[in-house]
K.L.:
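Take this structure first; my questions come after.
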Amino acid sequence: MKTIKYLLATLFLTVSFISCTDDTDDPIPIEEENPLAEYTMLKAVKANNHSIELYSEQEQFTIGYNELFIRIKDEASESYVSDATISWNPVMHMTEMMHSCPKSEVTKTENASVYKGFSIFQMPGNADEYWELNLEYTINGQTYNATERIEVKAPSDGKKRVSVFMGTDETRYVLAMMPIKPEVAVNDFSAVLFKMENMMTFPAVEDYKITIDPRMPGMGNHGSPNNEDLTYDSASKMYSGKLSLTMTGYWKINLKLLNDGDEVLKGEDVTEENESSSLFFEIEF
Amino acid sequence: MKTIFDGRPYRSRAMGLKGKALFLVVLCTLVFHWKGTSQEPKVVMVKDSILPIDLNEVIVISSYKRTLEHNSHHKPLSTLDQYLESSKKVNMIKRGAYAWEPVLNDMTTERLSITIDGMRIFGACTDRMDPITSYVDVSNLSDIHVACGQQGAEHGATIGGAIDLRLEKSNFRPDGWGGSIETGGETNNSSQIIGGELNYSDEQFYVDTDIIYRKAENYVAGGGQEVAFSQFEKYNLSVNAGYKVSEDQKLLASFIFDEARDVGYPALPMDVSLARAFIGSVSWIQTDFIGDFKNWETKVYANSITHIMDDSQRPDVPIRMDMPGWSDTYGYFSQATLKRDNHQFLLKLDGFYNRSLAEMTMYPNNPNEREMFMLTWPDVRTLNNGFYAEDVIDFKESSLKLSTRLAVQGFNVADELGLNSLRIFYPEMARRQTRFLKSFSARYHKKLKSVHLDGGLSYGDRAPSVSEGFGFYLFNSFDNHDYVGDPDLRNEKAIEVNTKISVPIEKLNFSLEGNYFHTMDFIVGEVNPALSVMTIGAEGVKIYKNLEYANLYNISLDTKYQITPEFTWTGLVSYHRGTDQDGRNLPFISPFTYNSMLQYTQGKFSGSLTMRGAADQVNFNPEFGEDRTDAYTVFSLSLGKSFSINNDDVYVKAGVENIFDELYSTYTDWNNIPRMGRNFFMTVSYAIN
């Protein structure tokens with residue numbers, strides 16, 4: 001494995017070297033080696049003679065967790081910029097106020113011209129309200145800014161993957177489900193939790209606990225066995241557990257959020273009388 | 001004994017060696033025993049016939065004069081289920097008017113070996129709505145051999161016994177062309193039966209063909225209430241052929257096609273839109289084999305079953321669902337006999353490969369939601385290879401039968417989705433597992449003047465069935481629970497003791513028979529309160545478990561009295577009891593039952609009056625969904641006459657069942673659905689000579 005990595009690195013360096021020497025006379029078409037070819041380019045922000053390309057595994061900016069990949073193309077040299085530093089801030093322009101959303105830092109990936117981060121949109125845009133993505137990036141010591149409106153939509157299946165709520169501790173939280181390819185099996189299941197400090201600051205919340213109770217409302221609201229509640233994993237900075245799905249179809253994952261003192265901040269138990277928790281995610285497959 | 005493939009092959013190899021060692025020990029024991037006895041001076045003359053060891057029952061279906069079928073039964077052309085039910089040893093669990101499930105010694109399908117001419121077949125329904133007996137018809141069969149306990153181990157591993165359905169064959173009788181047409185009808189469920197057969201047989205070649213068609217509407221219970229969803233329609237076609245390659249070499253082939261449609265199951269929440277079977281075999285029979293081995297018979301067979309449950313006819317269900325199932329089996333056996341002095345050996349190698357797959361698709365009431373899909377049998381591949389040996393040793397006035405079966409059975413869960421489903425419950429579950437099965441049995445028969453004494457002791461085990469090991473949320477409407485299998489179940493093992501005494505006193509013949517099964521690791525579903533039900537309305541989830549042990553007793557007294565040459569009276573009373581280690585009652589254990597029949601035969605006229613009944617079922621268990629079944633007594637009458645028209649034989653039989661229109665159900669009636677009320681029937685058979 002390591003040998004292959006070295007080989008690839010060497011190959012990559014050789015290619016970059018060759019392209020550097022060649023690019024004055026004979027620029028190599030850049031699409032050919034697009035490392036993000038498998039992803040969808042959701043947006044190309046044109047500013048400062050750069051094209052800042054945003055890629056995602058999904059087909060659109062969706063409410064909930066979005067993992068985004070960024071490349072900056074120098075329009076003049078038709079090449080991608082390596083070693084830039086990027087920061088971002090998505091802002092929702094509502095009719096009466098503005099707010100941001102939970103987001104990560106933008107970091108470099110193994111490929112020096114590809115950067116990545118995630119952003120958790122709480123709500124979709126509409127005719128009067130919209131999301132704007134503010135980007136600040138530095139290339140060779142020079143800082144640029146760019147701003148672009150982006151269209152954030154509800155997921156095509158309409159299923160709930162993010163929840164914004166006020167806990168019993170009078171704190172507003174954002175809880176988002178990590179993307180999952182559900183199977184009839186015991187699935188790895190994770191979520192990320194942030195609290196809203198102010199309109200623009202959403203720090204991650206650590207060491208709480210999220211209990212899960214998957215149910216099928218379409219079939220007598222039955223559950224599944226051997227689920228594992230989500231606990232905080234400091235390495236991945238996520239809450240991780242196990243989700244058992246005994247059949248395909250529509251599942252409602254009823255949740256309860258507990259703080260580090262095991263006090264319930266949000267959500268209720270599912271009982272005969274209470275069909276569902278007020279805090280939940282949805283999965284359909 | 002069980003081995004799980006855990007990526008360390010030496011373990012399974014070790015088991016294999018152990019198995020081989022055991023096999024060798026048994027083989028040596030047999031060989032030395034035979035050598036030992038063969039050195040004794042021969043004082044008795046060699047007898048050709050071995051004294052019968054009679055604990056088996058043979059239910060005759062076709063008559064001795066075979067052109068006129070099924071006359072021996074009080075109701076010819078009744079379903080095979082009714083034939084079986086009228087037998088002394090077999091009871092039938094009834095979920096509707098069709099496809100009853102045989103019970104032998106208070107044990108059902110998974111504890112029995114049910115075969116057709118020695119062929120293994122496994123039903124494709126997860127809810128046991130298609131026992132093997134539903135895929136043949138009386139038109140195919142000559143007789144049914146019922147053997148209790150390990151006496152039935154010849155065709156496969158069993159605990160409770162074996163039912164072998166024997167196909168009817170012309171068998172190179174020089175009869176030439178022959179054919180017959182039979183028709184019958186019943187008033188209660190407006191059923192119509194029409195069947196026919198056309199046979200050709202000479203000393204070189206024979207071919208038998210037959211077809212039967214049955215259609216019945218809902219039946220009416222005693223007192224006049226119609227039992228909705230008790231209709232059925234089925235037809236069955238079979239072809240049998242044989243060719244004599246040389247004087248002692250025969251090539252035989254058989255094929256059965258059986259299809260039932262629109263079968264209602266009033267006791268269940270679903271019906272069956274299709275149950276179809278293709279059953280085929282080719283065999284080679286040779287009188288002389290290597291050395292002193294004789295009667296070499298080798299058969300290869302294949303069968304394929306499709307079973308589709310559906311609820312589209314039901315007006316009111318909480319959720320619509322489809323539950324198709326498939327079961328394909330491929331197998332072989334090869335056997336030969338050997339005679340040495342007073343020993344008669346039968347050696348048999350056999351094997352089968354079965355694939356069982358069943359799925360469930362539920363259609364949500366909200367049309368925007370996706371279908372819910374799961375595998376209820378996760379494409380389980382079962383491979384079984386076995387060796388069976390028996391030795392019947394003939395002493396002067398007694399005989400001893402020793403038999404053993406040793407088999408290796410492997411399971412492989414082939415479907416990824418199914419395997420992952422089960423791993424929700426059993427995260428460490430291996431995809432493959434291998435089990436070693438064994439059976440040993442000894443029976444002694446002694447004749448004291450005219451009294452016959454029989455006694456036997458045996459040990460046998462069985463692997464869990466596909467449902468018990470790998471079933472995933474199988475709904476049982478009897479106890480209203482979902483069942484989940486456990487792949488780590490231990491094999492169920494039984495020690496069995498049986499005895500029989502037959503005493504003829506002039507025209508009276510008594511036979512008292514009893515058996516006792518001490519079954520260790522008895523497999524049964526137990527409630528797991530932590531689990532959430534899947535089926536809407538179910539009370540809970542049961543997981544199959546090994547009980548410490550269970551005890552079953554069966555005692556019966558069979559009496560026959562020849563009153564006059566024309567009048568015969570037979571009576572049967574039986575008592576059964578089944579409990580587990582804590583004295584808890586086991587499900588489906590028969591209460592005290594009785595049966596009395598007066599038969600009259602003179603020349604071409606015959607008649608019978610039957611009384612059947614049971615006492616209150618006092619030993620029931622609500623944990624398994626049982627309630628107290630009340631006592632009942634029903635009477636039936638039939639009259640038959642045969643005569644000739646233009647040299648052709650005609651046989652007419654008419655009768656009435658449940659004469660007094662009693663409203664009753666038995667302990668075997670699923671969810672207490674009532675049995676058929678008064679029913680008049682008539683059949684006409686016409687044989688063309």
K.L.:
Hey, could you give me the CZ/CZ distance between B/R370 and A/F285, rounded to the nearest 0.5 Å?
P.N.:
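Reported to 0.5 Å precision, the distance equals 9.5 Å.
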K.L.:
Taking atom OH of B/Y473 and atom OG of A/S224, what is their separation to the nearest 0.5 Å?
P.N.:
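B/Y473 atom OH to A/S224 atom OG measures 7.0 Å (nearest 0.5 Å).
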K.L.:
How about A/K159: does its NZ atom have over 12 heavy atoms from other parts shown lying under 6.0 Å from it?
P.N.:
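Yes, enclosed.
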K.L.:
Identify which part of A/E183 has an atom lying under 4.5 Å from any heavy atom of chain B, answering side chain, backbone, both or neither.
P.N.:
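A/E183 touches chain B through side-chain heavy atoms alone.
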K.L.:
Between B/I424 and chain A, with a heavy-atom cut-off of 4.5 Å, which part of the residue counts as in contact: side chain, backbone, both or neither?
P.N.:
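Contact with chain A involves both backbone and side-chain atoms of B/I424.
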K.L.:
Below 4.5 Å from any heavy atom of chain A, which atoms of B/M362 appear? Answer side chain, backbone, both or neither.
P.N.:
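Just its side chain gets close to chain A.
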K.L.:
Working to the nearest 0.5 angstrom, can you tell me the gap between A/M247 CE and B/E371 CD?
P.N.:
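Reported value, rounded in 0.5 Å steps: 13.0 Å.
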K.L.:
Looking at every heavy atom in both B/S532 and A/G223, which two are closest together, and how far apart are they?
P.N.:
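Here B/S532 and A/G223 meet closest at OG-N, 2.7 Å.
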K.L.:
Non-hydrogen atoms of chain A under 4.5 Å away: do they reach the side chain of B/E369, the backbone, both or neither?
P.N.:
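Interface part for B/E369: both.
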K.L.:
Would you name the heavy atoms of B/L531 and A/P225 that are closest together and state the gap between them?
P.N.:
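Looking at all heavy atoms of both residues, the shortest contact is CD2-CB, 3.3 Å.
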K.L.:
Please check if the number of heavy atoms outside A/E268 that lie under 6.0 Å from its CD is greater than 12.
P.N.:
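Yes, enclosed.
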K.L.:
Under a 4.5 Å cutoff for heavy-atom pairs, which residue among A/N221, A/N226, A/V184, A/V186 has the most contacts with chain B?
P.N.:
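Option with the greatest count: A/V184.
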K.L.:
Please classify the contact between B/N368 and chain A as side chain, backbone, both or neither, with a heavy-atom cut-off of under 4.5 Å.
P.N.:
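Looking at B/N368, just its backbone touches chain A.
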K.L.:
Could you tell me which portion of B/F472 (side chain, backbone, both or neither) has an atom closer than 4.5 angstrom to a non-hydrogen atom of chain A?
P.N.:
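Just its side chain gets close to chain A.
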K.L.:
Does atom NZ of B/K545 have more than 12 heavy-atom neighbours from other groups under 6.0 Å away?
P.N.:
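Counting neighbours around NZ of B/K545, 12 or fewer heavy atoms of other residues, nucleotides or ligands fall under 6.0 Å, so no.
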K.L.:
Would you say A/E129 has more than 12 foreign heavy atoms packed within less than 6.0 Å of its CD?
P.N.:
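For A/E129, atom CD is crowded (more than 12 foreign heavy atoms under 6.0 Å).
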K.L.:
Looking only at heavy atoms, which two atoms of A/T246 and B/M374 are closest? And how far apart?
P.N.:
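Smallest heavy-atom distance, with atoms named: O-CB, 3.8 Å.
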K.L.:
Check the surroundings of atom CD in A/E151: do more than 12 heavy atoms from other residues, nucleotides or ligands lie under 6.0 Å from it?
P.N.:
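No - once you tally the heavy atoms of other residues, nucleotides and ligands closer than 6.0 Å, there are 12 at most.
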K.L.:
Please classify the contact of B/I319 with chain A as side chain, backbone, both or neither, using a heavy-atom distance under 4.5 Å.
P.N.:
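For B/I319, side-chain heavy atoms alone lie under 4.5 Å from chain A.
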K.L.:
What residue in B/E416, B/M534, B/R423 has the most heavy-atom pairs under 4.5 Å with chain A?
P.N.:
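Most heavy-atom pairs within the cutoff with chain A belong to B/M534.
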K.L.:
Can you check whether B/F373's main-chain N or O pairs, donor with acceptor, with A/T248's side chain at less than 3.5 Å?
P.N.:
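Present.
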